[in-house]
Amino acid sequence: MCKESGFSLLEKLCNTFGPSGCEDPVAKVILENIDGCCDELIKNRTLGVIACIRGNGKSDKRLMLSAHMDEVGFMIKSVCDDGTLKVASMCGGDTRIMAGRRVLIGRNGESLVRGVFAVKPIHLLKSDERDSALPLDELCIDIGAADKEEAEKYVSVGDYATFESDFVRFGEDGRMIKAKAIDDRAGIAIMCDLMKELYPKKDMLPFDIYFAFTCREELGISGARGAAHLIDPTHALIFESTAVGDICGTAPHKCVAKQGDGPAISLMDRSTIYDKELTKLVLSVGKEKGIPCQIKKYVSGGNDAGHIHKSRAGVRCAVMSIPSRYIHTASNVIRAEDFSSTYRLALETVLALSEGV
Amino acid sequence: MVKYIRDLVKIISVSGHEERIRDYIAEKMTPYFDTITTDALGNLICHKKGEGKKLMLAAHMDEIGFIVTFIEDDGYVRFAPIGGISFAAAAFSEVVFENGRVGVIVPESEVKPADYKADSFVVDLGVKTKKEAERLCKIGDTFALRPSVTYLAGGKICGRPLDDKIGCAVLMAAAEKSGSFKNDVTFVFTVQEEVGIRGARCAAFAIAPDYGIAIDVTATGDAKGAKPMAVKLAGGAAIKLKDQSAICDVTLVEKMKTAARENNIPYQLEILPYGGTDAASMQLAGEGCRAGCISIPTRYIHTAVETVSERDVKAAIDLTVALCSEAL
C-alpha cells in the first residue's frame, strides 16, 4: 500500500500550479519532498528536475524513471478592451470542458489571479449555438476587471492559466480521487515516494537510478528528450495517466483500461512500441507479487517514452499508466487503489531489475 | 536475391516484432561481416571494417500489419493497424499470425468502403466464442496480410511485403556479391521504419557514419492514373533527390550518379512528393550525416500486389556494391 503520505503529497502536487512551460512551482514541491533522498541533483528550466541515486556500481545498467511535471492549461493571448482575456489552449482545445470553469492565472505560481471561462447562459443562446461547442476564439476568461487597463494590472499576455479544482476523495470509503492535474502528478508523487524508499537501500542497488521529472510533455515538445540524452539510460520506466473509457457508453473494444484493475501496461501506443522483455518483466512482477495490473487494450495516445526510447542509440522502455477518467479536464478521477498498485508495481519492478543483474 | 526475397516475405515481421526475420538475416550474413550485433531497439548491425569513409546502409526489416487489442465475446478479434494500412486494400483478405494461424480480415457488415477504418474491422478466426479465440491468439499478437511472391510478365516481381524486404534482399545480395569493401561499411537491417522511421535513428547515432544510404521502395509515375512522377518501373535504380522528410545530400547524390554511370548501372532520379525513409533519420541522428537513398520503383505500395522490376532490383544491388567498394 502506498503510504498515506503519498496521498497528501499527491494532493499538494495536484493543487500546485504548473501548466506546460511553467513547471517551476511543481519543481519546488518536488525538491522539498526529495531533500536528502538523492546523491546528485540537476535542476534545469529545459530538462526539468533530474535526481540520481547512486547504486553500488555492480551493473552497467542505467535506469531512468520518468514522469512529467506539467499539466494541461492555457496561455493568455490577448487582453480585450472589456477586460476579458483570450487564450491559446495547451490542453487539446476541447472547449466543452472549459465553459463555466474556474481558472487561476499567473506566471510563476505566486499571486495567482482568479477567473472564470465566460459562458453565455442557455437563455441567450441562439438555437444553432445550443447544439455545438463554441470555438476557442469566442471563449474568454473573465477576471472581474472593468476594462483592459484594470485587467493589465493583474495579468499580462504570456501568462499561464490552469483549471482551479479541489482535491476531493469521494465514493464509498473515499475510494475515488478527483483533482486537476492528476495527469501526471500521480506519477510525480510515486517517483518521490520511490526515492524515499530506495535511497536508504542504495547500497543494495547494483545500478544508478535517475529520476527525471520532465517538462512540457502535454505539448509534445518534451523535456524528456533532453533528459534522456543527458542521462543516457539503458532502461526506462515511464509513469503516466491514461484515459479510460469504462463509462459513457464506450464500446468494450475501445475501453483502454478498467479502473480498479491496476496500472495499464502498454504494448504499444502512437509514439512507442515498448520493449518486450521489460514489459514482460513488469507484468510478471505484478503476477508474482499479486499486484493488480492490466494490459492497455487500445492503441492510443503517447507519452514521454516516444522521445526516451529513441534517445541516443535506443533505450528499452516500459510504461505504467494510472487509469484516469475525464483526463485533460478540470476533474481527473482515479481510484486510490490504482495509485497504490502503481507505486507497489514500480517499486517491485525496480527491485526485480536489481535482482536480475 | 530471389531466394532471399522468397524467404524474407514469408517471415511475418510487423514493426516491433522483428526477432524472427532478424535471426534469419543474421545467420545468412555471418560469413560476410566482422561483427554482427543487435541494439536496444532490435536493429541488426553488421559491420565490416575498412579503410575508407564510414558508410551506413539501411534497409528496414519491419512490415506494416496489425496488433490484437481485444477479443469479443463472440470470438471476433479487434486490432489496431501498425503502419500505413489502407483498409480498402486490406478488406476481405487472408491474414497470417506470427504463429502461422490464419484468419480473414473483414469490415463489419453494412460498412461502406468510404467509411472503412480500423474500428469497423474484425478478424474472423472461424471460432464461435471468446474462449476458443483466446486459444488461437492473445492481446499483443501481431499479424499481416498473407505473404506472397509471384511473377508478372517481363521480370516483374509481385506480392507482399516487398516494402522493404526487397531492400533487405538487395543488401543481402550486395554483401554476398562484394569481393571486398573499400569503405568502412555497416549494413543495418532496421526496425520500426513503418511507424515513424524510429530504428535507423538510434543505429545511426551509435555508428555516426559519414554517409548514410537507405535502400527502400518508392512510388512510380506509371501506375494507371498515377500523379506525375518521373520514376518508371524498370527504369533503373532510383537515386532519391528528395521526399517529404529529407532533402538528400547533393555531394552524395553526385557520387551515387557517378558510381552508376561508371559501372553502367541503369538509374533514374527520384523526387517523391510524400513519404520518408530511413535516410531522413540517419541524416538527423547524432551530429548528422550526408544521407541519401537508393529506391526500388514499386507500384501499389502497401497492398498485397506490390510490384517491382527485377532489372531495377539488380541495378540497386550493383549500385550498392559499387558504393561499398569504391572510394567515397
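All figures in this text were calculated on a predicted structure; none of them were measured in a lab. Protein chains get the first letters and strands the later ones, always in sequence-line order, with residue 1 at the start of each.
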Identify which of [options] forms the greatest number of heavy-atom pairs closer than 4.5 Å to chain A.
{"options": "B:Asp73, B:Ile71, B:Thr69", "result": "B:Thr69"}
{"options": "B:His17, B:Glu19, B:Arg78", "result": "B:Arg78"}
{"options": "B:Asp119, B:Val195, B:Leu41", "result": "B:Asp119"}

Is [X] close to chain B through its backbone or its side chain, or both, or neither, when contacts mean heavy atoms under 4.5 Å?
{"X": "A:Ser300", "answer": "neither"}
{"X": "A:His235", "answer": "neither"}
{"X": "A:Thr272", "answer": "backbone"}

- [ ] Identify which of A:Ala313, A:Cys255, A:Gly314 forms the greatest number of heavy-atom pairs closer than 4.5 Å to chain B.
- [x]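 If we count pairs closer than 4.5 Å to chain B, A:Ala313 comes out on top.
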Task: Toward chain A, the part of B:Ser281 with a non-hydrogen atom under 4.5 Å - done: neither
Does [atom1] in [X] sit with more than 12 non-hydrogen atoms of other residues, nucleotides or ligands closer than 6.0 Å?
{"X": "A:Asp60", "atom1": "CG", "answer": "no"}
{"X": "B:Ile247", "atom1": "CD1", "answer": "no"}
{"X": "A:Lys289", "atom1": "NZ", "answer": "no"}
{"X": "B:Arg20", "atom1": "CZ", "answer": "yes"}
{"X": "B:Phe97", "atom1": "CZ", "answer": "yes"}

Task: Distance in Å, B:Ile82 CD1 paired with A:Met268 CE, rounded so as to fall on 0.5 Å steps - done: 4.0 Å
Open item on the list: Would you compute the distance between atom NZ of A:Lys310 and atom CD1 of B:Ile197 and round it to the nearest 0.5 angstrom?
Closed with: 8.0 Å
Open item on the list: Taking the side chain as everything from C-beta on, heavy atoms only, tell me whether A:Leu267 gets closer than 4.5 Å to B:Ile139.
Closed with: yes
For the residue pair [X] and [Y], what are the closest heavy atoms and their distance?
{"X": "B:Cys202", "Y": "A:His309", "answer": "SG-O, 4.0 Å"}
{"X": "B:Ala40", "Y": "A:Asp275", "answer": "O-OD1, 4.1 Å"}
{"X": "A:Arg270", "Y": "B:Arg198", "answer": "O-NH2, 3.2 Å"}

- [ ] Please state whether the rings of B:Phe205 and A:His229 are parallel, tilted or perpendicular, taking 30° and 60° as the class boundaries.
- [x] perpendicular
